[in-house]
Amino acid sequence: MTTTIGTDLQLAKQLLDQDELVAIPTETVYGLAGNALRDAAVVKIFEAKNRPRFNPLIIHVPDVASIHQYAVMDALSEKLANHFMPGPFTLLLPKKEIVPDLVTAGSDKVAIRIPNHPLTKALLQSLNFPLAAPSANPFGYVSPTSARHVYEGLKGRIPYILDGGDCTVGVESTIAEVKEGAIIMHRHGGVSAEEIEQCTEIKITSGIKHSKPLTPGQLKSHYATTTPLYRGEVMQLLRQNPTKKTAIIAFQKTYPGIDPKDQYILSPSGNLEEAAQHLFAVMRKIDKEQYDLILTEIFPNEGLGRAINDRLERAQFVHK
Ligand code: TXA
Ligand code: MG
């Protein structure tokens, strides 16, 4: 199959109407989209990504009103939806019958999001079904934040990539769920915990389980570069690996005494949103060069720093 990149919304719609896949731009990362209501299309998503079928997919809709077609919303979820959607925010809600089990991996809950990108908004409005879309990368690799990234990972496996430029948020959506009046965070992402607390005046409960493998090798690393990545105190890690050709991912400042060309600064002005926007592109760029090792700092654990730390923690090299 030949993969083309373009901005033809008509063609994207035509392919999706025929149960084919199209990679779509969103403000977070590119998604690999198919008709969420058609098993024939959803199966192709799992296959193109090599993604295990027990990992459910987010469905993408054009507006808050459409959410009611697919899920049941309580008052607090509705408040969150009205405040953060469209945007880098996903709600986990009790699903309605119409959502296929294949999309939710058998769960009675469905994850729903309204992406905030002009091309994808127009596309969703033109369709009469929602789009199931995981990040458009082969399973386990770093998520794509440009059409070129999608092409590198999925060429030959999908017919079309809708090119909407570079993603402006750069990390995936925040996933939250309302349960008995509390807000559970399932994934840190483009909307910070602080913003949600400010909107609702409710303290957030983390539903995030820290993935400590029981035995080494049990956990497959995610968002992972091919070059081994470690995080922590960079100078100390460098001393432990004196002979390795090493790239450093740092937040704001370069380390003295190390060649600046091996140091990738995500935001010289110290802005976590800017850092998040550049994170995945930098990981991919380093991965293409001839480094033995990637070392990265622990970012400030606030705002988008939490999403950055989460992705880097999961990207860490796990001995097989
Ligand atoms: O920003 C995003 O959310 C991007 C763009 C393309 O929308 N999508 C994305 O999808 O990151 P994906 O599949 O790479 O990550 C979705 C996460 C997975 O960890 C999945 O397990 C979880 O959401 N998820 C989806 N549906 C769920 C459900 N019904 N119950 C629990 N978790 C769910
Ligand atoms: Mg993903």
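Every number for a ligand or one of its atoms is a count from 1 in the order of the listing. Everything numeric in this text was worked out from a predicted model, so none of it was measured.
Taking every non-hydrogen atom of Lys109 and a distance limit under 4.0 Å, the qualifying atoms of ligand 1 come out as 29 (N). The Glu172 neighbourhood of ligand 1 comprises atoms 1 (O), 2 (C), 11 (O), with distances under 4.0 Å to a heavy atom of that residue. Heavy-atom contacts of Pro134 reach the following atoms of ligand 1: 10 (O), 12 (P), 13 (O) (cutoff under 4.0 Å). The contact set between ligand 1 and Ser173, taken as ligand atoms under 4.0 Å from a residue heavy atom, comprises 1 (O), 2 (C), 3 (O). Less than 4.0 angstrom separates some heavy atom of Val29 from each of these atoms of ligand 1: 4 (C), 6 (C). Of all atoms in ligand 1, listed by their number and element, those nearer than 4.0 Å to a heavy atom of Arg51 are 12 (P), 13 (O), 14 (O).
Regarding atom 30 (N) of ligand 1, its nearest protein heavy-atom neighbour is Leu92 CD1, 3.4 Å. From the protein, the heavy atom lying nearest to atom 24 (N) of ligand 1 is Pro56 CG, 3.8 Å. Taking atom 6 (C) of ligand 1 as the reference point, the nearest protein heavy-atom neighbour is Gly31 CA, 3.5 Å. Of the protein's non-hydrogen atoms, Ser135 OG, 3.0 Å is the one closest to atom 14 (O) of ligand 1. Of all protein heavy atoms, the one lying nearest to atom 23 (O) of ligand 1 is Ile175 CD1, 3.1 Å.
For Ser143 and Glu172, the side-chain atoms include at least one donor-acceptor pair closer than 3.5 Å. One side chain, Tyr255 or Glu297, offers a donor N or O that lies under 3.5 Å from an acceptor on the other. A side-chain N or O of Thr28 and one of Thr26 form a donor-acceptor pair less than 3.5 Å apart. Side-chain atoms of Arg187 and Thr90 form no donor-acceptor pair, as typed in the model, at a separation below 3.5 Å.
The neighbour count for Arg51 CZ, taken as heavy atoms of other residues, nucleotides or ligands under 6.0 Å away, is above 12. Counting heavy atoms of neighbouring residues, nucleotides and ligands inside a 6.0 Å radius, atom CD of Glu274 exceeds 12 of them. Residue Gln198 places its CD atom among 12 or fewer non-hydrogen atoms of other residues, nucleotides or ligands, all under 6.0 Å distant.
Residues His222 and Phe139 place their aromatic rings such that the two centres sit under 6.0 Å apart.
The Mg ion (ligand 2) has an N, O or S atom of Ser135 inside 2.8 Å of it.
For Arg187, the closest heavy-atom approach to ligand 1 falls below 4.0 Å.
Between Asp108 and Lys95, none of the side-chain N atoms (NZ, or NE/NH1/NH2) sits under 4.0 Å from a carboxylate O, so this pair counts as no salt bridge.
Polar contact check, His60 against ligand 1: a nitrogen or oxygen pair lies under 3.5 Å apart. Of the N or O atoms in Ser107, none lie within a sub-3.5 Å distance of an N or O in ligand 1. Checking only distances, Thr90 never comes within under 3.5 Å of ligand 1, N or O to N or O. Considering backbone and side-chain atoms alike, Lys49 places every N or O at 3.5 Å or more from each N or O of ligand 1. Checked by distance only, ligand 1 and Thr104 stay at 3.5 Å or farther apart across all their nitrogen or oxygen atoms. In terms of polar-atom proximity, Asn55 is counted as a contact of ligand 1, with an N or O under 3.5 Å from an N or O of the ligand. Residue Thr28 has at least one nitrogen or oxygen atom sitting less than 3.5 Å from a nitrogen or oxygen atom of ligand 1, judged on distance alone.
Counting heavy atoms closer than 4.0 Å to ligand 1, residue Arg113 contributes side-chain atoms (C-beta onward) but none from N, CA, C or O. The residue Ile24 has no part lying near ligand 1, judged by heavy-atom distances below 4.0 Å.
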Hey, can you pull the donor-acceptor pairs under 3.5 Å for the side chains in residues 239-251, sequence neighbours left out?
from   : atom 1 : to     : atom 2 : distance (Å)
Asn241 : ND2    : Leu237 : O      : 2.9
Thr246 : OG1    : Lys244 : O      : 3.1

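Between the Asp259 side chain and the Asp262 main chain, no donor and acceptor come within less than 3.5 Å of each other.
Side chains of Ile175 and Phe89 form no contact here, defined as non-hydrogen atoms less than 4.5 Å apart.
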> Please walk me through it: do Thr145 and Arg284 pass side-chain hydrogen bond (donor to acceptor under 3.5 Å, both in side chains)?
Replying inline: CA-CA 10 Å; Thr145 54; Arg284 284 171 173 267; 6.0 Å; no
